Amino acid sequence: MRITGGELKGRITKCPDGIIRPAMDRMRESVFAILGDLSGKSFLDMFSGSGTIAIEAVSRGAERVVLCEKDKIKVNTVLENVSMTEKEMNKKIECHFIAVELFLKRCKEQFDIIFFDPPFPYKFHEDLINIVSKNNLLKENGLAIIHRPAEKNMKDNIGNLTKKDFRIYGRSIVDFYCKNPNL
């Protein structure tokens, strides 16, 4: 996998052992183009896999980046991959190796962007967005982004979050939810 933009554009990240479905370069590049300049923003990468999305966020200017991955087989590869941001940019990515659901329930911090890339067989996509809403994990004008299979449907409104956009990439869909203070 390669970083598609920003300061680290073109750098290669390693793919960890175990089950992984890395976000396609085209999809990653498109999502980050939609997000635009991330300077000063905070970014949470859930179901991180290799850490590539978190690295992409730092490369494109995100100030605070946190990732979460529960698969212990991936720890060494994730740590090796994210070390490039510290070595080349002097920016550290905070890593948590626990279940995403547990991390979200314990989290007391708000983020500008939360990116979810669960395995395709995962069944609780709406629950993730609901936890973000219920625990107030998004800053005002923040986005919760979730990558899902096309056959998995998502509601337009979940808690106080409203789907404001979606993009189709083959059999994948990426939904963009934003805070709706009127609900």
Side-chain angles (χ1 to χ4, degrees), residues 1 3-4 6 8 13-24 27-28 31-32 35 38 40-86 89 91-139 142-149 152 154 158-159 161 172 174-179:
M1 291 176 287
I3 304 303
T4 63
L8 299 173
T13 57
K14 291 184 177 180
C15 196
D17 292 333
I19 297 169
I20 189 163
R21 179 194 38 79
M24 303 175 294
M27 184 207 71
R28 256 187 301 115
V31 166
F32 279 98
L35 295 176
L38 298 181
K41 303 231 180 210
S42 55
F43 192 100
L44 178 59
D45 177 15
M46 308 304 287
F47 301 94
S48 189
S50 65
T52 302
I53 294 286
I55 296 166
E56 193 86 55
V58 170
S59 180
R60 293 168 180 264
E63 191 61 36
R64 171 149 170 73
V65 178
V66 178
L67 69 73
C68 184
E69 171 57 56
K70 78 171 185 175
D71 189 345
K72 302 296 184 210
I73 294 171
K74 298 177 178 135
V75 171
N76 290 335
T77 305
V78 168
L79 292 174
E80 183 180 344
N81 283 341
V82 302
S83 72
M84 85 170 63
T85 64
E86 200 165 1
M89 299 177 65
K91 287 190 176 180
K92 187 169 176 59
I93 295 173
E94 184 179 311
C95 301
H96 297 269
F97 298 101
I98 63 172
V100 163
E101 300 84 358
L102 183 59
F103 177 88
L104 291 173
K105 287 178 182 173
R106 291 180 177 173
C107 186
K108 303 293 182 213
E109 183 177 353
Q110 290 185 319
F111 292 87
D112 293 298
I113 300 162
I114 302 174
F115 184 88
F116 294 98
D117 194 7
F120 266 26
Y122 189 82
K123 295 181 183 346
F124 307 104
H125 294 73
E126 285 186 10
D127 293 344
L128 295 171
I129 302 299
N130 197 40
I131 293 170
V132 169
S133 171
K134 193 165 119 181
N135 293 357
N136 197 29
L137 300 178
L138 277 181
K139 293 180 180 179
L143 286 173
I145 303 166
I146 191 158
H147 181 202
R148 64 178 169 91
K152 171 77 177 169
M154 295 283 286
I158 301 173
L161 302 180
S172 296
V174 177
D175 294 307
F176 296 79
Y177 286 87
C178 65
K179 260 190 170 181

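Quick caveat: nothing in here was measured; it's all calculated off a predicted structure.
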>> Ignoring hydrogens, what is the shortest heavy-atom contact between Cys178 and Leu143? Give both atom names and the distance.
In response: CB-CD2, 3.9 Å

>> Let me confirm one number: the CD1-CG distance from Ile55 to Asn81, rounded to the nearest 0.5 Å.
In response: 5.0 Å

>> Could you report the tightest heavy-atom contact between Leu35 and Ile145, atom names first, then the distance?
In response: CD2-CD1, 3.8 Å

>> Please report the interatomic distance NZ(Lys14) to CD(Glu80), rounded to the nearest 0.5 Å.
In response: 3.5 Å

> ring-ring contact (aromatic ring centres under 6.0 Å, His included) between His147 and Phe120: does it pass, once the steps are laid out?
Replying inline: CA-CA 9 Å; His147 181 202; Phe120 266 26; 5.6 Å; yes

> Can you tell me how far the SG atom of Cys68 sits from the CG atom of Leu102, to the nearest 0.5 Å?
Replying inline: 8.0 Å

> Looking at Tyr177 and Leu138, what are the two nearest heavy atoms and their distance?
Replying inline: O-CD1, 4.4 Å

> Which pair of heavy atoms, one from Leu67 and one from Ser48, lies closest together, and at what distance?
Replying inline: CD2-OG, 3.6 Å

> Is Met84 close to Ser59 at the side-chain level, that is, under 4.5 Å between some pair of heavy atoms?
Replying inline: no

> To the nearest 0.5 Å, what is the distance between CD (Glu126) and CG (Asp175)?
Replying inline: 9.5 Å

> With a 4.5 Å heavy-atom cut-off, do Phe47 and Leu128 have their side chains touching?
Replying inline: yes

> Is any side-chain heavy atom of Val132 closer than 4.5 Å to a side-chain heavy atom of Phe116?
Replying inline: yes

> What residues, two or more places apart in sequence or in another chain, satisfy salt bridge (charged side-chain N to carboxylate O under 4.0 Å, His left out) together with Lys70?
Replying inline: none

> Taking the side chain from Ser42 and the backbone from Asp112, do they hold a donor-acceptor pair closer than 3.5 Å?
Replying inline: yes

> Looking at CD1 of Ile146 and CD1 of Ile129, how far apart are the two atoms once the value is rounded to the nearest 0.5 Å?
Replying inline: 4.5 Å

>> I'd like to know whether NZ of Lys72 has more than 12 heavy-atom contacts from other residues, nucleotides or ligands below 6.0 angstrom.
In response: yes

> Do Arg60 and Thr4 have side chains that get closer than 4.5 Å, going by heavy atoms?
Replying inline: yes

> Are any side-chain N or O atoms of Glu69 and backbone N or O atoms of Ser50, one a donor and one an acceptor, separated by less than 3.5 Å?
Replying inline: no

>> Within this structure, what is the OG1-CG distance for the pair Thr52 and Asp45, rounded to the nearest 0.5 Å?
In response: 8.5 Å

>> Does Leu104 form a side chain to side chain contact (heavy atoms under 4.5 Å, CB included) with Met46? I'd like the steps, not just the answer.
In response: CA-CA 9 Å; Leu104 291 173; Met46 308 304 287; 4.0 Å; yes

>> Please find the pair of heavy atoms, one from Ala144 and one from Leu161, that lie closest to each other, and give the distance.
In response: CB-CD1, 4.4 Å

Under 3.5 Å, which donor-acceptor pairs do the side chains of residues 91-101 form with other protein atoms, sequence neighbours left out?
{"unit_1": "Glu94", "atom_1": "OE1", "unit_2": "Arg64", "atom_2": "NH1", "d": "3.0"}
{"unit_1": "Glu94", "atom_1": "OE1", "unit_2": "Arg64", "atom_2": "NH2", "d": "3.0"}
{"unit_1": "Glu94", "atom_1": "OE2", "unit_2": "His96", "atom_2": "NE2", "d": "2.6"}
{"unit_1": "Glu101", "atom_1": "OE2", "unit_2": "Tyr122", "atom_2": "OH", "d": "2.4"}

> Would you find more than 12 non-hydrogen atoms of other residues, nucleotides or ligands less than 6.0 Å from Lys152 atom NZ?
Replying inline: yes

>> Run the side chain to side chain contact (heavy atoms under 4.5 Å, CB included) test on Ile113 and Leu38 for me, step by step, so that the C-alpha distance in whole Å, both residues' side-chain angles and the decisive distance to 0.1 Å come before the verdict.
In response: CA-CA 9 Å; Ile113 300 162; Leu38 298 181; 3.5 Å; yes

> Is there a donor-acceptor pair closer than 3.5 Å between any side-chain N or O of Asp71 and the backbone N or O of Ile73?
Replying inline: yes

> Are side-chain heavy atoms of Glu109 and Leu44 found at a separation under 4.5 Å?
Replying inline: no

>> Within the structure provided, determine whether Val58 and Phe43 are in side-chain contact (heavy-atom separation under 4.5 Å).
In response: no

> Which atom pair, heavy atoms only, marks the closest approach of Glu56 to Arg28?
Replying inline: OE1-NH1, 2.8 Å

